[in-house]
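Okay, structure first, notes after.
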Amino acid sequence: MPELPEVEILLRHLRPLIQGERIRSVEVRRTKVLTPTSPRQFRRVLVGAKIVGITRRGKYLLFKLCPKRGHPPVTLLGHLGMTGRMFLARTGDRLPKHTAVVLGLRRGKFIYQDTRYFGRLTLDISAVAKLGPEPLSADFDGAGFTQALKRSRQAIKVKLLDQTLVAGIGNIYASEALFRARISPRLLAGRLNAAQVRRLRRAIRAVLAEAVACGSTVPMNLGGNRKNDGFFHFGHSAGTTDFYEERLRVYDREGEPCWKCGAPIKRIVQAARSTFFCPICQRAN
DNA sequence: CACCATGTTCCTTG
DNA sequence: CCAAGGAACATGGT
């Protein structure tokens with residue numbers, strides 16, 4: 001599912017399909033995902049509005065909408081949570097299980113589906129203001145990153161999940177970035193030296209950029225109607241293996257040999273979430 | 001049945 | 001006020 005690279009790929013997929021389209025109908029099947037926007041207001045703003053553009057910020061999608069006429073543009077914010085998907089379907093297609101919202105377009109329909117309903121499709125965009133710098137932009141600079149890390153007493157792996165530090169890193173790419181930077185996930189954020197901070201910043205950029213580049217070249221199935229659908233599938237289920245999972249060096253590879261030194265990858269739990277790392281390449285000192 | 005899961009927010013504690 | 005830790009949210013896979 002969705003950390004920054006997956007959301008970026010989804011954005012690129014969606015943009016040509018829905019940019020310029022007008023929303024003709026709105027069906028809300030799970031009001032929770034609109035929170036705190038009311039279904040009534042959601043409908044009022046969306047029905048008849050034109051989708052003039054989509055952008056991404058961290059793991060959020062921002063749909064810029066132009067309502068009927070005279071009204072100023074509004075922003076619709078989408079977040080996939082852990083299991084969310086967004087895709088286009090044909091008008092006649094039946095809705096998949098756990099469809100939360102359906103937007104009827106000129107031809108076809110936009111479906112937001114989310115098994116666990118942790119995601120959002122809402123007019124409340126306040127979450128975006130709290131985000132840290134965009135990791136693949138110039139805003140993510142060494143000085144700011146150094147400062148933010150300095151005051152933290154959390155383990156660096158846990159700190160990387162803090163979206164105010166830098167936006168878009170999730171549990172998978174946090175482990176991947178630390179492996180690439182050869183830094184122990186247990187090292188306290190405030191204890192990284194200048195060389196480590198620099199390596200980590202570069203590793204974050206490299207890992208995310210590579211994931212986007214890789215995802216861009218994979219023939220994806222974003223239809224949302226098949227079991228092993230799309231690149232939002234992680235894990236090691238057999239068969240259709242996307243080399244998406246092959247790309248991950250440590251995540252979900254407990255016990256497998258380290259890609260670099262061959263030592264078994266270790267799994268630990270930090271802040272109630274799994275961390276994967278190589279105990280040799282990422283020594284604590 | 002038990003445990004695990006790509007994320008965020010809210011509450012509590014220090 | 002701020003940082004940090006943990007539960008809660010809801011469902012499915014193994």
Side-chain angles (χ1 to χ4, degrees), chain A residues 1-10 29-36 56-61 77-86 96-100 112-122 124-132 147-177 186 188-191 207-208 211-212 214-215 220 222 224 226-239 242 244-245 247-255 267-276:
Chain A
M1 120 126 119
E3 298 183 28
L4 183 150
E6 291 75 33
V7 179
E8 176 67 24
I9 297 300
L10 175 62
R29 318 184 98 223
R30 191 80 164 210
T31 59
K32 182 197 184 231
V33 303
L34 309 186
T35 310
R56 178 191 58 74
R57 181 77 171 85
K59 303 172 192 173
Y60 293 92
L61 285 177
L77 175 145
H79 193 285
L80 298 171
M82 298 261 280
T83 52
R85 290 170 166 177
M86 294 178 182
K97 200 172 180 183
H98 304 304
T99 295
Y112 164 42
Q113 181 253 114
D114 190 343
T115 304
R116 292 166 74 178
Y117 304 106
F118 284 0
R120 287 287 182 278
L121 191 62
T122 177
D124 172 26
I125 60 167
S126 58
V128 172
K130 301 169 193 160
L131 295 175
Q147 278 308 308
L149 290 177
K150 200 168 277 179
R151 296 189 316 259
S152 170
R153 263 173 280 185
Q154 284 179 300
I156 185 61
K157 153 61 165 49
V158 178
K159 190 65 186 168
L160 286 178
L161 300 178
D162 177 354
Q163 302 298 298
T164 69
L165 175 72
V166 52
I169 299 173
N171 204 41
I172 292 173
Y173 294 107
S175 283
E176 294 297 318
R186 296 194 255 228
L188 269 4
R191 290 283 184 81
V207 157
L208 296 178
V212 171
C214 181
M220 297 168 293
L222 293 167
R226 259 180 268 177
K227 171 150 198 187
N228 221 1
D229 177 42
F231 52 99
F232 292 146
H233 178 73
F234 292 77
H236 295 261
S237 59
D242 9 326
Y244 190 71
E245 51 189 63
R247 250 188 339 87
L248 303 177
R249 305 279 198 231
V250 290
Y251 183 80
D252 204 17
R253 290 186 179 281
E254 180 179 20
R267 170 185 181 268
I268 59 175
V269 173
Q270 297 179 287
R273 323 225 24 211
S274 290
T275 299
F276 299 88

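Since the model is a prediction, treat every value here as computed from it, not as a measurement. Throughout, a chain's letter reflects where its sequence line sits, starting with A, and its residues are numbered from 1.
Considering only the side chain of A:R267, B:dA5 comes nearest among B:dA5, B:dT8, C:dG12.
For B:dA5, the base has no donor-acceptor partner in the side chain of A:R273 [N/O atoms by modelled type, under 3.5 angstrom].
The distance from atom CD1 of A:I169 to atom P of B:dT8 is 11 Å, rounded to the nearest whole Å. The nearest whole Å value for the distance from the NE2 atom in A:H98 to the P atom in C:dA10 is 12 Å. Here C:dG12 presents its P atom at 10 Å from CD of A:Q113, a figure rounded to the nearest Å. Atom-to-atom, CZ of A:F276 to P of B:dA5 comes out at 7 Å; the value is rounded to the nearest Å. Note: CG (A:L188) to P (C:dA4) measures 9 Å, nearest angstrom. One can place NZ of A:K159 at 11 Å from P of C:dG5, the figure rounded to the nearest angstrom. Taking atom CG of residue A:D114 and atom P of nucleotide B:dA5, one finds them 18 Å apart after rounding to whole Å. Taking atom CZ on A:R85 and atom P on C:dT11, their separation rounds to 16 Å, with Å as the unit.
Mapping A:L161 and A:R116 onto DNA chain B by nearest heavy atom places A:R116 at the nucleotide closer to the 5' end.
Both geometric conditions, a ring-centre gap below 5.5 Å and a plane tilt below 30°, are fulfilled for A:F118 over the base of C:dC9.
A:E176 contributes a side-chain N or O that, together with a main-chain N or O of A:R249, makes up a donor-acceptor pair within less than 3.5 Å. Judged by distance alone, with hydrogens and angles left aside, the side-chain atoms of A:S175 form a donor-acceptor pair with the main-chain N or O of A:F276 at under 3.5 Å.
The same atom, P, is picked in C:dA10 and in B:dC11; the two are 15 Å apart, to the nearest Å.
Counting non-hydrogen atoms under 4.0 angstrom, A:K97 reaches the backbone sugars and phosphates but no base.
With A:T275 as the partner, the side-chain hydrogen bond (donor to acceptor under 3.5 Å, both in side chains) test is satisfied by one option alone out of A:R267, A:R186, A:Q270: A:Q270.
Taking 4.0 angstrom as the limit, A:S274 places none of its side-chain polar atoms (N or O) nearer than this to OP1 or OP2 of B:dC4.
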Evaluate the side chain to side chain donor-acceptor pair (under 3.5 Å) criterion for residues A:D124 and A:S126: first the C-alpha distance (whole Å), next the side-chain angles of each, then the deciding distance (0.1 Å), finally the verdict.
CA-CA 6 Å; A:D124 172 26; A:S126 58; 2.9 Å; yes

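Nearest heavy atoms, A:Q113 versus A:H98: CG-O, 3.3 Å.
Taking a pair to require two hydrogen-bonding distances under 3.5 Å in either a Watson-Crick or a G-U wobble arrangement, C:dA10 remains unpaired.
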